[in-house]
Student: 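Just dropping this structure here.
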Amino acid sequence: MTAPVRLAEPTTVRVALAERSYDIVIGRNLLPRLGSSIATLRPGAAAAIVTDETVARHHLAAAEASLADAGIRTARVVVPAGEASKSWPVLERICNGLLAEKIERRDLVVALGGGVVGDLAGFAAAVTRRGLDIVQVPTTLLAQVDSSVGGKTGINAAQGKNLVGAFHQPVLVLADTTLLDTLPPRHFRAGYAEVAKYGLINDAAFFAWLEANWRDVFAGGPARDQAIAVSCRAKATIVARDERETGDRQLLNLGHTFGHAFEAAAGFSDRLLHGEAVALGIALAYGFSAELGLLPRSDADRAKAHLAAVGLPTGVSDLRGEVPGIGRLMELMAQDKKVKGGKLTFILARAIGQSFVAPDVDAAAVRAYLAARLNDR
Ligand SMILES: NC(=O)c1ccc[n+]([C@@H]2O[C@H](COP(=O)([O-])OP(=O)(O)OC[C@H]3O[C@@H](n4cnc5c(N)ncnc54)[C@H](O)[C@@H]3O)[C@@H](O)[C@H]2O)c1
Ligand SMILES: [Zn+2]
């Protein structure tokens, strides 16, 4: 784990992407500074806030007040909350809303919400008037540590998750950690899976710190801010090395190939949240690595034990409702975009904090491992 983060004032993490570089600012009570930040970044620009109905109830008034205080002309587009909004009809509504509000090339879109709003508003910004700049104001733990950073935007298609989209980096990310105080605990816990993921990918010291301090991270305060800042730094480093996911960035998919299959089988519903599916997927990926003889069994057990300790699902027996059969799961994994030439790409591990991209994993070995896990139930 790199140097401790100073917490008295906001922490800034730079995402170094040449002319597309930007800052992630992390700290408490940053939303009131949204207006002044935008006025500094783009003097005279208008701002269109895209948010969902739930986030609007909690935080839209404060966001609009901050913009108004800075003398910024403001528009808003409010969409229904939930994954189902990552769709063509809602995307169209946002694009039309931006045009109707006369948002021009030099104005800004502000995504105020979780990963759903961030992905949707990011894609709308990427395609409206051939590209509007966007400021991400993430309001879930998952969005603060993962989805608001790195520029992946998009919607879901009938064929699968995130299959229509664009890379569109934000010009600023403002992560106000006090906004998480209103987030339901189940969503906070789901986002925590992505935090633990960074430790398991390449930072064993961070993982050990989380094992010791996760209760404080959940309670809020300095430990939570620290976990968010370390996570953002990890993501920023990987994205700067591989913006378009041709190499290292694939590491961020740890747990996601298994996870997406279960998420899809649950119909992208509240039955299994994205982060919950990722936790299960990480436990399976670490277990599979041990099964293949690549990873000490004790490391696989340790990863799983930590995710289970915070209350995340780590085994098929933790899932509610109907569990898909092995045939269906294999089909869903094959449909996932991380498949090349019939071989499955998995992120596997040699130790806690030593994950690697395995591009040539034998589908039969995956099937045998997963079939056995389904029988554990
Ligand atoms: N672009 C990327 O790199 C990337 C990375 C990871 C995940 N994602 C995407 O992110 C999405 C999941 O994001 P999410 O978990 O943030 O879900 P989400 O955006 O649906 O938010 C979860 C729920 O919490 C509510 N909410 C949000 N902030 C709140 C707050 N502060 N107080 C009270 N309620 C609040 C929302 O209205 C929603 O009902 C998925 O679609 C996933 O594909 C994208
Ligand atoms: Zn994820």
Side-chain angles (χ1 to χ4, degrees), residues 7-15 20-79 94-95 97-122 124-126 128-129 131-141 143-144 147-149 151 153 168-183 225 228-229 232:
L7 295 159
E9 50 204 63
T11 304
T12 299
V13 174
R14 184 83 176 156
V15 185
R20 288 184 306 288
S21 297
Y22 54 95
D23 286 340
I24 312 165
V25 187
I26 304 142
R28 302 181 65 78
N29 301 310
L30 295 179
L31 190 58
R33 300 194 208 169
L34 175 64
S36 56
S37 305
I38 286 180
T40 308
L41 194 72
R42 189 72 52 89
I49 300 177
V50 178
T51 190
D52 73 32
E53 284 160 5
T54 306
V55 177
R57 242 184 357 259
H58 291 291
H59 304 296
L60 181 58
E64 287 182 338
S66 168
L67 294 170
D69 283 350
I72 294 168
R73 178 174 76 83
T74 308
R76 65 159 90 143
V77 182
V78 183
V79 304
I94 296 173
C95 295
L98 296 175
L99 295 172
E101 295 284 356
K102 302 201 161 44
I103 296 299
E104 306 285 345
R105 281 294 286 279
R106 59 177 309 278
D107 296 328
L108 289 168
V109 176
V110 175
L112 176 70
V116 165
V117 163
D119 282 10
L120 250 177
T128 303
R129 297 193 190 279
L132 298 168
D133 283 342
I134 184 161
V135 173
Q136 292 278 356
V137 184
T139 66
T140 63
L141 179 60
Q144 295 195 349
S147 61
S148 67
V149 175
T153 73
H168 188 53
Q169 299 292 345
V171 293
L172 172 70
V173 179
L174 208 70
D176 179 344
T177 59
T178 45
L179 301 184
L180 303 180
D181 292 343
T182 57
L183 187 66
D225 289 21
I228 293 170
C232 285

Student: Donor-acceptor pair, S148 side chain versus A143 backbone, under 3.5 Å?
Tutor: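 Yes: the side chain of S148 pairs with the backbone of A143.
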Student: When you measure from the side chain of D52 to the backbone of T54, do you find a donor-acceptor pair of N or O atoms at a distance under 3.5 Å?
Tutor: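 Yes, D52 side chain to T54 backbone: donor-acceptor pair under 3.5 Å.
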Student: Say whether, by atom type as modelled, one donor and one acceptor occur between the side chain of T178 and the main chain of N29 under 3.5 angstrom.
Tutor: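 Such a contact is found between T178 side chain and N29 backbone.
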Student: For T153 and D119, test the side chains for any donor-to-acceptor distance below 3.5 angstrom and give the result as yes or no.
Tutor: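 Distance-only check fails for T153 and D119.
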Student: Quick one, T11 and V25 - any side-chain contact, counting heavy atoms below 4.5 Å?
Tutor: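 Of all side-chain heavy-atom pairs linking V25 with T11, none is under 4.5 Å.
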Student: Specify the closest pair of heavy atoms between C95 and T128, including all atoms of both residues, with the distance to one decimal.
Tutor: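 Heavy atoms only, the tightest pair is SG-OG1, 3.4 Å.
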Student: Which one of E64, E53, E101 satisfies the salt bridge (charged side-chain N to carboxylate O under 4.0 Å, His left out) criterion with R76?
Tutor: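 Between R76 and the candidates, salt bridge (charged side-chain N to carboxylate O under 4.0 Å, His left out) is satisfied uniquely by E64.
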Student: Does Q136 use its side chain to pair, donor to acceptor, with the backbone of V173 at less than 3.5 Å?
Tutor: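 No, the answer is negative, given that no donor and acceptor are paired below the 3.5 Å cut-off.
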Student: Please round to the nearest 0.5 Å and tell me the distance separating atom CD of Q169 and atom CZ of R20.
Tutor: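 Here the interatomic distance stands at 6.5 Å.
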Student: Write down the atom of V78, the atom of A56, and the distance for their closest heavy-atom approach.
Tutor: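 In this case the closest contact between V78 and A56 is CG1-CB, 4.3 Å.
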Student: Ignoring hydrogens, what is the shortest heavy-atom contact between A125 and V109? Give both atom names and the distance.
Tutor: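 It is CB-CG2, 4.1 Å.
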Student: Quick one: CD1 on I26 to CG on D225, what's the gap to the nearest 0.5 Å?
Tutor: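 It comes to 8.5 Å.
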Student: Report yes or no: do T139 and H58 form a side-chain donor-acceptor pair below 3.5 Å?
Tutor: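 No - no donor-acceptor pair under 3.5 Å links their side chains.
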Student: Start with the C-alpha distance between V77 and I49, add both sets of side-chain angles, then the distance that settles side chain to side chain contact (heavy atoms under 4.5 Å, CB included), and finish with yes or no.
Tutor: CA-CA 6 Å; V77 182; I49 300 177; over 6 Å; no
Student: Show the nearest heavy-atom pair for residues A46 and I103, with the distance to one decimal.
Tutor: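 Reported closest heavy-atom pair: CB-CD1, 4.4 Å.
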Student: Do Y22 and V15 have side chains that approach each other closer than 4.5 Å (heavy atoms only, starting at C-beta)?
Tutor: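 Yes, close enough: below the 4.5 Å cut-off.
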Student: Nearest 0.5 Å, what's the CG-CG distance between L67 and L34?
Tutor: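 Rounded to the nearest 0.5 Å, the CG-CG separation comes to 4.5 Å.
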Student: For a side chain to side chain contact (heavy atoms under 4.5 Å, CB included) check, start with the C-alpha distance between I134 and V110, then their side-chain angles and the critical distance, and finish with the verdict.
Tutor: CA-CA 6 Å; I134 184 161; V110 175; over 6 Å; no
Student: Are side-chain heavy atoms of L60 and V55 found at a separation under 4.5 Å?
Tutor: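 In short, these two side chains do not touch, never coming nearer than 4.5 Å.
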Student: What side chain to side chain donor-acceptor pair (under 3.5 Å) pairs are there with at least one residue in residues 32-50, not counting sequence neighbours?
Tutor: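 Residue pairs passing side chain to side chain donor-acceptor pair (under 3.5 Å), neighbours aside: R42-D133.
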Student: If you count heavy atoms of other groups shown closer than 6.0 angstrom to CZ of R28, is the number above 12?
Tutor: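 Enclosed: over 12 neighbouring heavy atoms sit under 6.0 Å from CZ of R28.
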Student: For residues Q144 and C232, report the shortest heavy-atom separation together with the two atoms involved.
Tutor: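 That closest heavy-atom pairing would be O-SG, 3.1 Å.
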Student: How long is the gap from CG on L30 to OG1 on T177, to the nearest 0.5 Å?
Tutor: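 Between atom CG of L30 and atom OG1 of T177 there are 7.0 Å.
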Student: Identify the two heavy atoms, one from L179 and one from P138, that lie closest to each other, and give their separation to 0.1 Å.
Tutor: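 Between these two residues, the closest heavy atoms are CD1-O, 4.2 Å.
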Student: Evaluate the side-chain proximity of D107 to L132: yes if any heavy-atom separation is below 4.5 Å, no if none is.
Tutor: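 Side chain of L132 against side chain of D107, heavy atoms only: no contact under 4.5 Å found.
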Student: If you measure from CD1 on I24 to CD1 on I228, what distance do you get to the nearest 0.5 Å?
Tutor: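 It is 11.5 Å, given to the nearest 0.5 Å.
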Student: Go through the steps to decide whether H59 and T182 satisfy the test side chain to side chain donor-acceptor pair (under 3.5 Å), and finish with yes or no.
Tutor: CA-CA 9 Å; H59 304 296; T182 57; 2.9 Å; yes
Student: For T74 and I72, indicate whether the former's side chain and the latter's backbone hold a donor-acceptor pair under 3.5 Å.
Tutor: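 Yes, the answer is positive, given that a donor and an acceptor are paired below the 3.5 Å cut-off.
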Student: Just by modelled atom types, is the P32 backbone N or O under 3.5 Å from a matching donor or acceptor in the S66 side chain?
Tutor: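 Here the side-chain-to-backbone pair exists.
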Student: Answer whether the closest heavy-atom distance between the side chains of V50 and L112 falls below 4.5 Å.
Tutor: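 Counting from C-beta outward, V50 and L112 never come under 4.5 Å.
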Student: Within the side chain of D176, is there an N or O that forms a donor-acceptor pair under 3.5 Å with the backbone of L31?
Tutor: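 Here the side-chain-to-backbone pair exists.
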